[in-house]
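A quick write-up on the structure given underneath.
Atom set for the values below is all heavy atoms of this structure, side chains included, hydrogens, waters and symmetry mates excluded. First listed ligand is number 1; within each ligand, the first listed atom is number 1.
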Amino acid sequence: MITAPADWYYFSEGGKHVIFTCRHLALRVEKASLARAAAAFARYKHSDSQQNDDRYELLETTDTSSPHSMFSRFIVEPNLGKCYIDAPKNLLLPEEFCSCLHYQAMSCGKIPTSRVTSWQVDTQSNKTELLESTTYVRATLLRNCAQLKTQQKSMQYYSENPITISVEIKPKAGYLSSSPLVLPAHRCKYYRSRYNLQQELMEKNVVEKGWCRDQLQFVDDSTTNNQSGFKRSSYSPLDLFSRDHARIRSAVMELSKNMQNNFRVWCNGEKVFGEYDRLSPVEYYGLLSRMIGTKHCNVDVTDSGSILLHLVANVVSDILYREKLLDELLELQLLDVIDSDGAVLVYDRLVYLVNGSQSEAELALEQHFTASDEAPVYNKSSNSSRQEISLLSSPYPMPHCRHLHELLNDIRQFQSELQNQRASGQSIDESIANKYHSDCLHHVSQLSKESCIFLLSNWLLSLTMCDVSLFVTFELILSCDTDVRTEYNQSVDSGGLYAFALDTIPSLPKAIVHYEINVIDYDPKPAKKLRNRHGVERLFQFCESKR
Ligand SMILES: O=P(O)(O)O[C@@H]1[C@@H](OP(=O)(O)O)[C@H](OP(=O)(O)O)[C@H](O)[C@H](OP(=O)(O)O)[C@H]1OP(=O)(O)O
Ligand SMILES: Nc1ncnc2c1ncn2[C@@H]1O[C@H](COP(=O)(O)OP(=O)(O)OP(=O)(O)O)[C@@H](O)[C@H]1O
């Protein structure tokens, strides 16, 4: 691929990666790599705009056996659904090209304050890399999810001047923990979602997230419950994953009311709603009238932002309800049968079994987890009942180990005790929980190496699935015959289509929604995360049991 830095525009960023887009393409690069390339390429003169127009060759690597590629191909695609995943291409970017991209990002004025430090080169830890600069930087080429892949223009439904809306949702974990290995001080996990618990910890200033670092102002106003300016979200991931249309809608509405790091909206590739992004009422009015047609847009200009957001949230909830993606995602999340507390214990057991070597334990675990060391298994069992944490749909083969089976048996029995208690609105009897806890600790102390790797692979897969984001992109089509004869769901070859009616704008005629959903940011979580996981989990002792 031959391209110039000037063809690429800063689009968005997360904790580690930045995305640049060029029409229907998205380039995903580690920010630290760009910063290193910029530092190493000091002879580059940024004032010379000529260099931005220079063309470079981006080399495509056919590295299909890398852990990331194997994980994407053999674990994520078959289990989440090929139609929701766009296989990334691996690229090698010339350092000079990266240096230009770095400069563009630095000067575009779009980097959120909270992310500024992630662009700095860590001169301590990267000293060697700085000195022995590599000439190429690894990157991945993806489809730009803010654009629709399949245009409906060839079809009967066609809009002259379509507005493409993209909504990014980070849904987080949609289940409650029910592992007997949860530490007694962390039993709040049995009754409240991890998201909800973390909201409490953020409100109490016990936890600070990357997305809001240095952004919160120390204010004391009526909209916040504390002095840090943080406003707790009422979003419930349990609602979003509930399969119930009304609950899904309520979850999306809550996300849109308090967006934090979990909800963003773009309109034709420009961000229009985000935690720190708002347009003026006049601009929202302009967008709304382009979307629903000027003659239907008889709303107060000052209300147009909230009406637009309401319209978007309604469409997104319909789409999420129609598609099976959230079900598939939840099924993989539910592979966490041991909870993070249990994962810490099983990890310690694994390290013990490999003579105390953390790196050896992590290497063995990662090769298994990413499917890069063995013939992949496409397990797509649908035997598990929903909301029941189960390994039935695990893509990893279960090893034969008596202690593993005893452990899983106790986990199952404890789950059903807990479900009965939850159903009757009571808390689990502490003595029962203690008994299961100590029995399970014993089973863990007897596990084989293969069993530890099996349990931890499922836990890491669940962890990865709890941190993905969804991009829901759609167009609302009015200027056509709205008598829709065919509604269909998304497939590998085409997006989905359905008829939509919005009751809050009575004059609005029936419309057609053409949409696509994509899953992004499904990088396999590194096994070394387990080294410090007890420090993360320890904080739940500061949460109230019930809210
Ligand atoms: O544990 P959580 O729920 O705080 O999730 C972390 C994310 O927090 P948030 O989505 O903002 O709540 C966090 O996101 P931010 O940096 O806050 O944007 C990361 O995604 C982190 O993963 P990693 O350490 O970069 O691999 C995530 O950590 P893992 O849970 O995946 O270890
Ligand atoms: N294919 C894509 N098309 C359009 N935008 C994208 C795409 N992939 C990612 N993005 C945008 O870029 C942002 C950062 O990407 P990504 O989530 O991959 O980064 P990250 O650093 O790995 O995130 P995190 O810190 O959550 O792990 C996303 O939140 C999203 O807004």
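- Looking from atom 18 (O) of ligand 2 to the surrounding protein, the closest heavy atom is Arg28 NE, 2.6 Å.
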CA sep, side-chain torsions, deciding dist, call: Trp266, Phe471, ring pair (Phe, Tyr, Trp, His ring centres under 6.0 Å) | CA-CA 10 Å; Trp266 283 266; Phe471 244 83; 5.4 Å; yes
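- Closest to atom 17 (O) of ligand 1, if we only count protein heavy atoms, is Gly210 N, 3.4 Å.
- Applying the side chain to side chain contact (heavy atoms under 4.5 Å, CB included) test between Ile338 and each of Val444, Leu455, Leu345 identifies Leu455 as the sole match.
- Residue Trp211 has at least one heavy-atom neighbour below 4.0 Å for each of these atoms of ligand 1: 11 (O), 17 (O).
- Ranking the protein heavy atoms by distance from atom 13 (C) of ligand 2 puts Ser12 OG, 3.5 Å first.
- Residues Val472 and Leu320 are in side-chain contact: their nearest non-hydrogen atoms beyond the backbone lie under 4.5 Å apart.
- Using a 4.0 Å cut-off between charged nitrogen and carboxylate oxygen, Glu30 and Lys16 do not count as a salt-bridge pair.
- Checked against a 3.5 angstrom limit, the closest N/O atoms of Cys145 and ligand 2 fall inside it.
- Within the 4.0 Å heavy-atom shell around ligand 2 one finds Trp266.
- The protein heavy-atom contact nearest to atom 14 (C) of ligand 2 is Gly14 N, 3.3 Å.
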Check the pair Ser69, Ser72 against side-chain hydrogen bond (donor to acceptor under 3.5 Å, both in side chains), reporting the backbone distance first and the verdict last.
-> CA-CA 5 Å; Ser69 305; Ser72 169; over 6 Å; no
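- Between Asp521 and ligand 2, an N or O atom pair is found at a separation short of 3.5 Å.
- For the ligand labelled ligand 2, residue Glu30 lies outside the 4.0 Å heavy-atom shell.
- Using a 4.5 Å heavy-atom cutoff, the side chains of Val316 and Ile169 are in contact.
- Comment: Asp521 does not engage Lys170 in a salt bridge, judged by the lack of any side-chain N to carboxylate O separation of less than 4.0 angstrom.
- Considering backbone and side-chain N/O atoms, Gly15 comes within less than 3.5 Å of an N/O atom of ligand 2.
- The contact set between ligand 2 and Phe471, taken as ligand atoms under 4.0 Å from a residue heavy atom, comprises 5 (N), 30 (C).
- Given atom 3 (O) of ligand 1, the protein heavy atom at minimum distance is Lys172 NZ, 3.0 Å.
- By the criterion of a heavy-atom distance under 4.0 Å, the backbone of Arg143, and not its side chain, is placed next to ligand 2.
- Tested against Tyr84, the residues Glu77, Gln490, Glu516, Glu323 include a single side chain to side chain donor-acceptor pair (under 3.5 Å) partner, Glu323.
- If you look at Glu168 next to ligand 2, the close heavy atoms, those under 4.0 Å, all belong to the side chain.
- Of the options Lys209, Arg533, Glu208, Arg115, the smallest heavy-atom separation from atom 16 (O) of ligand 1 is shown by Arg115.
- The closest approach between a heavy atom of Gln260 and any atom of ligand 1 is not below 4.0 Å.
- Closest to atom 13 (C) of ligand 1 among all protein heavy atoms lies Lys170 NZ, 4.0 Å.
- In this structure, Ser462 OG and Leu335 CG are separated by 6.5 Å, a value rounded to the nearest 0.5 Å.
- When each atom of ligand 1 is checked for a heavy atom of Lys16 under 4.0 Å away, the hits are 23 (P), 25 (O), 26 (O).
- With Glu362 as the partner, the salt bridge (charged side-chain N to carboxylate O under 4.0 Å, His left out) test is satisfied by one option alone out of Lys528, Lys529, Arg531: Arg531.
- Among protein heavy atoms, the minimum distance from atom 1 (O) of ligand 1 is reached at Gln198 NE2, 4.0 Å.
- Note on Glu13 versus Lys110: no salt bridge recorded, every NZ/NE/NH1/NH2 to OD/OE distance being 4.0 Å or above.
- Nearest protein neighbour of atom 22 (O) of ligand 1, counting heavy atoms only, is Lys525 NZ, 2.9 Å.
- How far CG of Leu58 is from NZ of Lys89: 12.0 Å, rounded to the nearest 0.5 Å.
- No option in Lys204, Arg232, Gln260 other than Gln260 meets the side chain to side chain donor-acceptor pair (under 3.5 Å) test with Gln199.
- The nearest protein atom to atom 11 (O) of ligand 1, hydrogens excluded, is given as Asn261 ND2, 3.2 Å; this is a heavy-atom distance.
- Heavy-atom proximity to Leu142, at under 4.0 Å, picks out these atoms of ligand 2: 1 (N).
- Side-chain contact between Leu176 and Tyr190 is absent, with no heavy atoms from C-beta onward closer than 4.5 Å.
- Across the listed options Arg194, Lys529, Glu537, Lys529 owns the non-hydrogen atom lying nearest to atom 24 (O) of ligand 1.
- Contacts between Asn144 and ligand 2 below 4.0 angstrom, taking non-hydrogen atoms only, involve backbone and side chain alike.
- Comparing Asp467, Leu197, Val207 against atom 19 (C) of ligand 1, the shortest heavy-atom distance belongs to Asp467.
- When the heavy-atom distances from atom 5 (N) of ligand 2 to Tyr10, Tyr522, Trp211, Phe11 are ranked, the shortest goes to Phe11.
- Within the structure, the closest approach of Arg264 to ligand 2 falls below 4.0 Å when heavy atoms are considered.
- Remark: the Lys209 side chain and the Gln198 side chain contain an N/O donor-acceptor pair separated by less than 3.5 Å.
- Nearest-heavy-atom check against atom 7 (C) of ligand 2 across Ile19, Asn518, Val29 picks out Ile19.
- To the nearest 0.5 angstrom, Leu141 atom CG is 5.5 Å from Met1 atom CE.
- Between Phe474 and His514, the ring center distance fails the sub-6.0 Å criterion.
- Taking any N or O of Thr21, backbone or side chain, none lies under 3.5 Å from an N or O belonging to ligand 2.
- Distances from atom 22 (O) of ligand 2 to the heavy atoms of Lys170, His17, Lys16 show the closest one on His17.
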